[in-house]
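The next block holds one structure in the form of structure tokens; read it before the comments.
Computed over heavy atoms, backbone and side chain alike; hydrogens, waters and symmetry mates excluded. In each ligand, atom 1 is the first atom listed, and ligand 1 is the first ligand listed. Heads up: numbering here begins at 1 and tracks the sequence.
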Amino acid sequence: MKKNRTIAILTGGGDCPGINAAIRGVAKKAILKYGARIIGFEDGYHGLVRNRYRELDYDTVSGILTLGGTILGTSKTANPYKYATRKGDALEFPDVSDTALRNFRETGAECLVCIGGDGTMAVASRLSRDGIPIIGIPKTIDNDLRGTDVTFGFDSAVWIATEGIDRLHSTADSHQRVMIVEVMGNTAGWLALHSGVAGGADVILIPEIPYDSDRVADAVLARRKMGRRFSIIAISEGSRPVGGDIVVKRMVQESFDPIRFGGIGFVLGREIEEKTSISTRTVVLGHLQRGGTPTPYDRVLATGLGTRAVDLIERGEFGCMVAVKGNGLGEVSLEEVAQGPRTVPADHPLIQTARDVGTSFGD
Ligand code: F6P
């Protein structure tokens with residue numbers, strides 16, 4: 001990387017713990033090693049379209065390692081190729097990518113670092129084809145990005161969901177209840193699977209394994225027979241019964257991922273109470289899972305990926321996303337990442353581990 005060059009950063013999609021640590025990783029390394037000028041586009045791709053950006057000097061990125069959210073703001077709806085625009089009561093989606101490309105060029109930046117999930121990377125992949133030198137950095141609590149073994153934000157969300165499950169044990173025990181914990185994860189079951197195993201859930205339900213509520217009720221009744229006073233069920237928001245459907249809380253037409261899940265835990269709760277006659281309650285953890293300070297693991301990972309991105313810039317390798325590969329870091333093409341979410345494979349070892357300790361998947 002030549003001296004005195006400009007690097008632009010933006011953060012897109014749902015926020016998660018660790019984004020600021022990644023911004024800091026990119027900015028500190030590029031400033032310290034190359035004296036680079038860093039600018040940050042605001043509110044995801046909105047900033048690129050509306051030409052809103054600010055300087056990120058060394059002081060700005062100091063002290064943000066432990067901060068949740070993103071200092072740049074983010075958006076789950078801003079897409080330069082389908083830019084949601086209100087015309088009276090109607091929503092239109094014009095392609096304003098030319099404006100985004102022009103705005104980027106006018107900053108004089110040599111590249112754009114996009115920190116985001118699958119929606120952000122899909123747009124990044126198109127912008128890259130259209131001529132912007134881009135490096136992606138993977139983040140999401142859902143852990144569902146292709147090409148990387150893990151994303152930062154996930155570990156923090158697993159901690160929060162596990163803490164939720166832990167706390168429900170005592171109240172479930174006191175009241176001899178079934179407690180259902182609905183966790184996020186979108187169309188992937190990573191969060192429910194990991195927090196369910198970590199929290200010792202008796203039943204784990206994930207989108208990849210459609211459940212039969214009779215089997216879930218059997219598991220609850222079998223525990224009762226063994227003298228257990230309660231059962232805990234961790235259910236992923238995107239789960240569905242065999243032959244049934246997902247529960248959609250609402251549709252957000254202008255979003256990268258228009259389906260907002262929410263409520264499958266209540267549907268299951270009613271069925272389980274009916275089938276077992278055991279008092280059942282449902283808790284939806286929701287956006288709590290995206291908030292607060294990142295775990296040490298996520299801080300380390302985000303810092304590693306951020307600094308790795310600067311290595312790629314130095315080598316002039318664009319059109320790719322930095323990634324976790326086994327015990328090390330690598331990179332993957334944005335085109336591969338844009339091919340859709342990475343769900344839990346049926347033969348994932350953690351599913352077997354859970355089954356080995358008696359966990360039911362409702363199948
Ligand atoms: O992708 C992250 C995520 O938190 C998903 O787990 C969840 O389905 C979705 O975003 C919620 O979106 P919103 O913040 O728009 O409610």
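Residue nearest to atom 6 (O) of ligand 1, selected from Asp142, Thr74, Asp15, Ile259: Asp142 (by heavy-atom distance).
His46 and Tyr83 have their aromatic ring centers within a separation under 6.0 angstrom.
Nearest protein heavy-atom neighbour of atom 4 (O) of ligand 1: Arg290 NH1, 2.7 Å. Nearest to atom 9 (C) of ligand 1 among the protein's heavy atoms is Lys76 NZ, 3.3 Å. Protein heavy atom at the shortest distance from atom 15 (O) of ligand 1 is Arg260 NE, 2.6 Å.
Ligand 1 has no N or O atom lying under 3.5 Å from any N or O atom of Phe261, backbone or side chain. Any N or O atom pair closer than 3.5 Å counts here, and Glu237 shares at least one such pair with ligand 1.
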inquiry  = For Arg299 and Thr293: C-alpha separation, side-chain torsions, deciding distance, then whether side chain to side chain donor-acceptor pair (under 3.5 Å) applies.
reply    = CA-CA 9 Å; Arg299 295 176 200 184; Thr293 190; 3.1 Å; yes

ask   = salt bridge (charged side-chain N to carboxylate O under 4.0 Å, His left out) between Asp257 and Arg260: does it pass, once the steps are laid out?
value = CA-CA 8 Å; Asp257 51 345; Arg260 290 295 170 277; 3.6 Å; yes

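Residue His287 approaches ligand 1 through these ligand atoms, each under 4.0 Å from one of its heavy atoms: 13 (P), 14 (O), 16 (O).
Arg52 CZ: more than 12 foreign heavy atoms inside a 6.0 Å radius. Other residues, nucleotides and ligands place no more than 12 heavy atoms under 6.0 Å from the CD atom of Glu274. Around NZ of Lys275, the count of heavy atoms belonging to other residues, nucleotides or ligands within 6.0 Å exceeds 12.
Note on ligand 1: Gly117 sits outside its first shell, no heavy atom being nearer than 4.0 Å.
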